[in-house]
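Take a look at the structure below.
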Amino acid sequence: MTKPPIDFHQGFHDVDATGAGDAFEGYLVNVHAMPNWAESRRKRFELAAFREGERILDAGCGVGMDLAELSACVGKSGSIVGFDLSDDLIARARQRAAKLDTPISFQQGDLQALPFADATFDAGWSERVLMYLENPLAAVREILRILKPGGRFLAGEIDFGAIWSTSPDEAFRYALQQHTMKSVRNPGLSRQLPGLCVQAGFAKIKVQPTMGTSHDFSITERAANLVWHLDRMVEDGEVSRGAAEDYLETQRRLSRDGGFTSILVVPNLVATKRSAGA
Ligand SMILES: C[S@@+](CC[C@H](N)C(=O)[O-])C[C@H]1O[C@@H](n2cnc3c(N)ncnc32)[C@H](O)[C@@H]1O
């Protein structure tokens with residue numbers, strides 16, 4: 001097995017400390033292109049119903065993979081602020097933003113303590129970020145604070161407990177899933193999020209799930225960083241090297257023969273702040 005050297009899930013806690021910005025950019029570009037993730041993103045754009053001229057916070061913007069679509073929604077009269085903990089990823093996002101018509105600025109910082117005045121954004125947009133935070137409730141409270149009355153918060157977080165894939169050996173697949181979930185700080189975040197939004201004080205919460213399908217194991221293999229997790233399982237004595245290699249080979253063969261399916265469930269969420277006077 002070739003060995004990607006990084007646990008991306010852990011690395012997202014502080015990308016700059018890893019010094020591996022290129023690898024994180026490659027990972028984010030790959031996930032953005034996944035057909036089953038793209039399907040969930042389309043649903044979030046539908047739920048967001050962005051309008052020309054709106055001001056959006058891209059909370060945890062990473063390398064800016066969503067900026068082009070956000071910009072197309074709010075146009076030249078709108079504005080976007082890309083916000084992220086990583087200076088390295090922001091520098092990469094800045095390059096993507098340079099090609100777009102919308103005024104886009106960037107700020108480095110921690111989502112759990114936003115450096116923006118109250119009620120200054122029409123919408124907050126966040127993809128696969130809250131699951132990496134120490135205190136997601138603090139971040140949800142901060143996003144509520146910086147939204148204008150009636151403003152919307154859009155969130156897309158993966159449900160790790162509901163990832164479904166073809167598997168020749170269910171016990172093996174389950175062990176691999178459990179191993180992956182151990183890398184994620186809050187693997188159950190998507191299930192907690194509606195409650196956190198209520199606790200923070202959002203007035204209305206709507207969850208519309210998407211169930212995206214992919215038949216290409218190579219996409220799953222890269223996005224789920226499977227080789228890295230299998231290597232760790234071998235090192236920890238959870239499975240033998242032979243069993244890990246067999247698992248990968250069987251999935252790759254199934255994929256070549258048209259028998260591989262992976263289903264990703266994303267409970268897309270839109271939470272709305274109380275309108276003025278409501
Ligand atoms: C999985 S990436 C998602 C990036 C982007 N939303 C996308 O979909 O391509 C998670 C992002 O959250 C950022 N992040 C992690 N902890 C953060 C924090 N406390 N405050 C702000 N951003 C944070 C990481 O630097 C990374 O860019």
Side-chain angles (χ1 to χ4, degrees), residues 1-13 15 18 20-42 62-63 65-66 89 92 127-129 131-132 156-187 189-190 210-266:
M1 286 188 276
T2 51
K3 206 176 206 179
I6 292 164
D7 180 349
F8 289 107
H9 290 313
Q10 291 283 324
F12 278 125
H13 298 166
V15 170
T18 70
D22 284 349
F24 280 88
E25 180 162 26
Y27 173 87
L28 292 173
V29 169
N30 178 53
V31 173
H32 187 265
M34 282 170 69
N36 40 13
W37 184 256
E39 198 168 321
S40 80
R41 189 167 55 248
R42 273 193 295 279
V63 298
M65 296 311 297
D66 294 333
L89 299 187
R92 295 162 194 266
E127 283 204 348
R128 304 184 322 283
V129 177
M131 65 181 176
Y132 296 120
E157 297 284 335
I158 292 171
D159 188 339
F160 286 93
I163 294 176
W164 187 99
S165 77
T166 316
S167 170
D169 178 341
E170 182 51 18
F172 193 102
R173 187 208 62 78
Y174 185 72
L176 179 56
Q177 180 181 333
Q178 294 299 306
H179 193 276
T180 304
M181 284 169 72
K182 275 189 241 155
S183 273
V184 182
R185 193 177 250 152
N186 308 301
L189 191 273
S190 72
T210 39
M211 266 196 355
T213 310
S214 163
H215 295 289
D216 183 347
F217 178 65
S218 67
I219 293 176
T220 299
E221 186 177 332
R222 276 178 291 151
N225 207 13
L226 288 186
V227 172
W228 188 90
H229 286 286
L230 287 169
D231 275 342
R232 298 292 83 68
M233 288 171 77
V234 171
E235 275 175 16
D236 297 347
E238 286 181 48
V239 297
S240 69
R241 172 70 59 193
E245 283 175 356
D246 271 3
Y247 183 82
L248 276 180
E249 210 28 65
T250 308
Q251 297 287 52
R252 287 171 182 157
R253 195 174 52 246
L254 264 178
S255 184
R256 279 196 300 275
D257 296 347
F260 175 79
T261 303
S262 151
I263 299 173
L264 188 67
V265 174
V266 183

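Index from 1, following the sequence.
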### Task
Could you list the residues that satisfy side-chain hydrogen bond (donor to acceptor under 3.5 Å, both in side chains) with His13, not counting sequence neighbours?
none
### Query
Any sub-3.5 Å donor-acceptor pair from Asn225's side-chain atoms to Tyr27's backbone N or O?
no
### Task
Would you check if there is a donor-acceptor pair between the side chains of Asp216 and Ser214 at a distance under 3.5 Å?
no
### Task
Scan for ring-ring contact (aromatic ring centres under 6.0 Å, His included) pairs involving residues 234-258, sequence neighbours excluded, and state none if there are none.
Phe172-Tyr247
### Contacts of Ser262 that satisfy side-chain contact (heavy atoms from CB on, under 4.5 Å) - sequence neighbours left out
Asn36, Ser165, Thr220, Phe260
### Query
Quick check: are there more than 12 heavy atoms from other residues, nucleotides or ligands sitting under 6.0 Å from CE of Met211?
no
### Query
Which pairs pass salt bridge (Lys or Arg N to Asp or Glu O under 4.0 Å) with one or both residues in residues 29-38, sequence neighbours excluded?
none
## Note on the structure
Exactly one of Leu254, Thr261, Leu226 clears side chain to side chain contact (heavy atoms under 4.5 Å, CB included) with Phe217, and that residue is Leu226
### Query
salt bridge (Lys or Arg N to Asp or Glu O under 4.0 Å) with Arg128: which residues, sequence neighbours excluded?
none
### Query
Counting N and O atoms only, with roles assigned by atom type, does the side chain of Glu157 sit under 3.5 Å from a partner on the main chain of Val129, one being a donor and the other an acceptor?
yes
### Message
Keeping Ser255 on the side-chain end and Gln251 on the backbone end, is there a donor-acceptor pair under 3.5 Å?
### Response
no
#### Entry: Partner residues of Thr210 under the side-chain hydrogen bond (donor to acceptor under 3.5 Å, both in side chains) criterion, sequence neighbours left out
Asn268
### Query
Does a side-chain N-to-carboxylate-O contact under 4.0 Å join Asp246 and Arg253?
no
## Note on the structure
Sequence neighbours excluded, the answer for side-chain contact (heavy atoms from CB on, under 4.5 Å) partners of Ile163 is Ile158, Phe160, Leu264
### Message
Just to verify, what does Thr213 make a side-chain hydrogen bond (donor to acceptor under 3.5 Å, both in side chains) with, not counting sequence neighbours?
### Response
none
### Summary
With sequence neighbours left out, the residues meeting side-chain contact (heavy atoms from CB on, under 4.5 Å) with Ala223 are Asn30, Val31, Met34
### Query
With sequence neighbours left out, what residues match Glu127 under salt bridge (Lys or Arg N to Asp or Glu O under 4.0 Å)?
Arg44
### Query
Side chain of His9, backbone of Ser183: donor and acceptor closer than 3.5 Å?
no
### Task
Can you sort out the partners of Thr166 under side-chain hydrogen bond (donor to acceptor under 3.5 Å, both in side chains), two or more places apart, ordered by chain and number?
none
### Query
Considering residues at least two apart in sequence or located in another chain, which fulfil the side-chain contact (heavy atoms from CB on, under 4.5 Å) criterion with Glu238?
His179, Lys182, Met233, Asp236
